[in-house]
Amino acid sequence: MSPQPAPAPLLIACALGIEQFALRTSDRGGAGGPVTVLRTGMGPRAAERSVTRVLADPALSGAAVLATGFCAGLAPGMHPGDLVVAEETRDPAGTVPCVGTDLLVKELARTVPGRTVHTGPLTGSDHVVRGQERSDLLATGAIAVDMESAATLLSAVRTGERPVAAVRVVVDAPEHELVRIGTLRGGISAFRVLRSVLPAFFEWHRSLLLPRR
């Protein structure tokens, strides 16, 4: 019998040390293949550089890429600890459709029961968004904003065809703006949710990388 091909890897990209810590201290059981958690650094340029560099490694050829971490909710009624599953990511450099959105919503509802999961466009910014700018972005149809997801996914698909997705945890929202992550209740709530989501990411990875007929 010929040897089975090695399972395709999964690259999970986040920006902040606290996000990486949450993911590294999560339960890694159930991964369908090699998993790399990459801290890109803050901002779209840092995300683009880091993701492009890492995906040049032959060991990550064909890797699925999932951008995650914290975000700012744009819609009224969002709360810290809510989840955002992107249908697409967008910024001035381009728009990237996400793969397996429905599956991620289903798995997150199972993995983190009781948490609200929002779906829609996730927009990128090169700075922290506050006040009126939040309303302006909401008017474009976006439901949340962060600084790295759009650059991460655009860089990933530029290096080759692969499944991509973005899942973010709301750390502040129009009625719940935070000054510093981790110092207020909303930040702590978002951190705890981020620690819980890896099983949903692994199920997304396994399901999308089943052998094609």
Side-chain angles (χ1 to χ4, degrees), residues 10-23 36-57 60 63-75 78 82-99 101 104 118-174 177-182 187 190-191 194 197 201:
L10 171 63
L11 176 66
I12 301 174
C14 60
L16 303 176
I18 190 172
E19 295 166 340
Q20 185 183 46
F21 178 72
L23 295 164
T36 299
V37 177
L38 171 68
R39 179 184 174 186
T40 65
M42 287 185 64
R45 290 185 179 180
E48 179 183 2
R49 287 193 301 266
S50 295
V51 171
T52 301
R53 172 182 54 82
V54 168
L55 289 178
D57 184 344
L60 289 176
V65 175
L66 194 149
T68 194
F70 303 129
C71 71
L74 299 175
M78 282 183 155
D82 285 1
L83 287 149
V84 172
V85 177
E87 294 177 340
E88 65 181 25
T89 58
R90 53 167 78 155
D91 71 4
T95 298
V96 179
C98 294
V99 176
T101 299
L104 276 168
H118 306 269
T119 60
L122 176 61
T123 195
S125 174
D126 61 2
H127 59 277
V128 175
V129 171
R130 301 257 183 224
Q132 181 59 42
E133 190 175 6
R134 198 191 295 259
S135 298
D136 294 342
L137 290 174
L138 177 63
T140 70
I143 63 168
V145 58
D146 73 86
M147 291 194 285
E148 297 83 25
S149 291
T152 292
L153 298 199
L154 188 58
S155 300
V157 298
R158 281 176 172 170
T159 65
E161 184 178 354
R162 65 184 75 248
V164 295
V167 176
R168 291 275 171 170
V169 183
V170 174
V171 74
D172 73 341
E177 286 198 345
L178 299 185
V179 178
R180 293 186 301 276
I181 293 174
F191 175 84
L194 188 59
V197 295
F201 296 174

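What you see is a predicted model; the values in this text were computed from it and never measured.
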How far does [atom1] of [X] sit from [atom2] of [Y], to the nearest 0.5 angstrom?
| X | Y | atom1 | atom2 | result |
| --- | --- | --- | --- | --- |
| C98 | L122 | SG | CG | 7.5 Å |
| I12 | F201 | CD1 | CZ | 6.0 Å |
| T40 | E48 | OG1 | CD | 11.5 Å |
| L83 | R168 | CG | CZ | 12.0 Å |
| I143 | T123 | CD1 | OG1 | 11.0 Å |
| T36 | L60 | OG1 | CG | 5.0 Å |

Heavy-atom closest contact ([X] atom, [Y] atom, distance):
| X | Y | answer |
| --- | --- | --- |
| C71 | V84 | SG-CG2, 4.1 Å |
| L55 | A156 | CD1-CA, 3.7 Å |
| M147 | D126 | SD-C, 3.7 Å |
| V51 | S155 | CG1-CB, 4.1 Å |
| V99 | A165 | O-CB, 4.0 Å |
| F191 | F70 | N-CE2, 3.8 Å |

Ignoring hydrogens and geometry, is there a side-chain-to-backbone donor-acceptor pair from [X] to [Y] under 3.5 Å?
| X | Y | result |
| --- | --- | --- |
| R134 | G73 | yes |
| T95 | R90 | no |
| E88 | V96 | no |

Side chain to side chain, [X] and [Y], heavy atoms closer than 4.5 Å:
| X | Y | result |
| --- | --- | --- |
| T152 | T89 | no |
| R162 | V164 | yes |
| V171 | E19 | no |
| V167 | V197 | no |

Do L154 and R158 pass the side-chain contact (heavy atoms from CB on, under 4.5 Å) test, and can you show the C-alpha distance, the side-chain angles, and the key distance before you say yes or no? CA-CA 6 Å; L154 188 58; R158 281 176 172 170; 3.6 Å; yes
side-chain contact (heavy atoms from CB on, under 4.5 Å) test vs L23 passes for just one of I18, L194, L38, namely L194
